[in-house]
Protein chains: 2
Amino acid sequence: MPVELDKTDYKILRLLQQDGRTGNAEIAKRVNVSAATCHRRTQRLFEDGYIQNVRAQIAPDKVDRGALVMVGVVLDRSTPESFGAFEAACRALPFILDCHLVAGDFDYFLKIRVRDMADFNHLHGDQLIALPGVRQTRTFFVMKEVVDNAPLAF
Amino acid sequence: MPVELDKTDYKILRLLQQDGRTGNAEIAKRVNVSAATCHRRTQRLFEDGYIQNVRAQIAPDKVDRGALVMVGVVLDRSTPESFGAFEAACRALPFILDCHLVAGDFDYFLKIRVRDMADFNHLHGDQLIALPGVRQTRTFFVMKEVVDNAPLAF
DNA sequence: ATCAAAGTGAAAGAATATTGCATGCCTGTA
DNA sequence: TACAGGCATGCAATATTCTTTCACTTTGAT
């Protein structure tokens, strides 16, 4: 089925990535196809999983999540069980935006959003170092968000 | 004007964050207000900047961006000019998803999406170390994306 | 040349969004 | 307590937009 997308499909993807509320008629106009065709194309992009979902981006500071923190984590042991337990725990923590297993000086990298530094300190003491198998964490407070979650270029 | 959002507003925000294509009628039903009220509330959330935008999330591997890399960067000098030049350059590179000025062992943290490791290596040699003022970079290849860009909890 | 897949415009019907308006609810004031 | 102003709300009418169907055309591969 993945008959390799054509130029029109890519344009639709880019438009929807830029503004997911763009109407079908509008998209059709911009990519130069009829509304009917555009509608079917877009539908297919959803059905075939090219578009995972459409999400509103909430302004973090407007909902008291203005502080961003990156955390490097090292685990006690490098066993599959240890990794599994840590990952499961991470998935359950709502303030963790990213959790990635990496190669290098750390085992995991976390991206966390909280209200402020004080909030993070509580959370760090209460929840992060208490995560299963954590030996050490290294915290990098974000002082300036130069680019955050930029749209994917392709 | 920010008269502090009420429970209904928060519900609307959460619904739209989960699925930005949810129709007004549907939202109204789920938050128990009339379509008219819901429409006006939603409109206000956009106008007042609570919702920055609505974006389709494209499946990275479907558009040849299946590889994720975190990069720590240290600059030569810590002057405002140096920082400014580096940031401007980062904003212009489309493969950089995140670029954050941090406190700690690095000056900046980057989150980058490319096709594969080979692709990253080219890019690292050609573009990253060539960024203005870069003294050193440390690369962390992501081996497993446990949580990526999770919705904001609030 | 021929077939099949995909596209196109037009049109109708369904579903949504949007707006006007009268009502009800607080709040502050007399 | 009574009352006026400012708002948010629901209902209902209106305006838009979406979605599908149909008959016909284009495109591309064989």
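The CZ-C1' distance, from B/Arg21 to C/dA15, rounds to 14 Å in whole Å. We find that CZ of B/Arg44 is positioned 18 Å from C1' of C/dT18, with the value rounded to whole Å. In this structure, A/Asp9 atom CG and C/dG7 atom P are separated by 9 Å, rounded to whole Å. When rounded to the nearest whole Å, the span between CG of B/Asn24 and C1' of C/dT19 equals 13 Å. Atom CD1 of B/Ile27 is separated from atom P of C/dT16 by 12 Å (rounded to the nearest Å). For the pair B/Lys29 NZ and C/dT16 C1', the computed distance is 12 Å after rounding to whole Å. The distance from atom CG of A/Asp6 to atom P of D/dT27 is 14 Å, rounded to the nearest whole Å. With rounding to whole Å, A/Glu47 atom CD is found 12 Å from D/dT19 atom P.
Here A/Asp9 pairs with A/Arg44 in a salt bridge; the nearest charged N to carboxylate O distance falls below 4.0 Å.
Taking 4.0 angstrom as the limit, A/His39 places a side-chain polar atom (N or O) nearer than this to OP1 or OP2 of D/dT20. Using a 4.0 Å cut-off, some side-chain N or O of B/Thr37 falls inside it from OP1 or OP2 of D/dG10.
Between the side chain of B/Arg40 and the base of D/dG10 there is at least one donor-acceptor pair of N/O atoms closer than 3.5 Å.
At least one side-chain heavy atom of A/Gln127 sits less than 4.5 Å from a side-chain heavy atom of A/Phe95.
Taking only side-chain atoms of B/Ser34, from C-beta outward, the nucleotide of D/dG10, C/dG9, D/dT19 with the closest atom is D/dG10.
Of the candidates A/Asp98, A/Asn149, A/Asp148, B/Lys111 forms a side-chain hydrogen bond (donor to acceptor under 3.5 Å, both in side chains) with just one, namely A/Asp98.
The aromatic rings of B/Tyr10 and B/Phe154 sit tilted relative to each other, their planes meeting at an angle between 30° and 60°.
Backbone-only contact: B/Ala25 has heavy atoms under 4.0 Å from sugar-phosphate atoms and none from a base.
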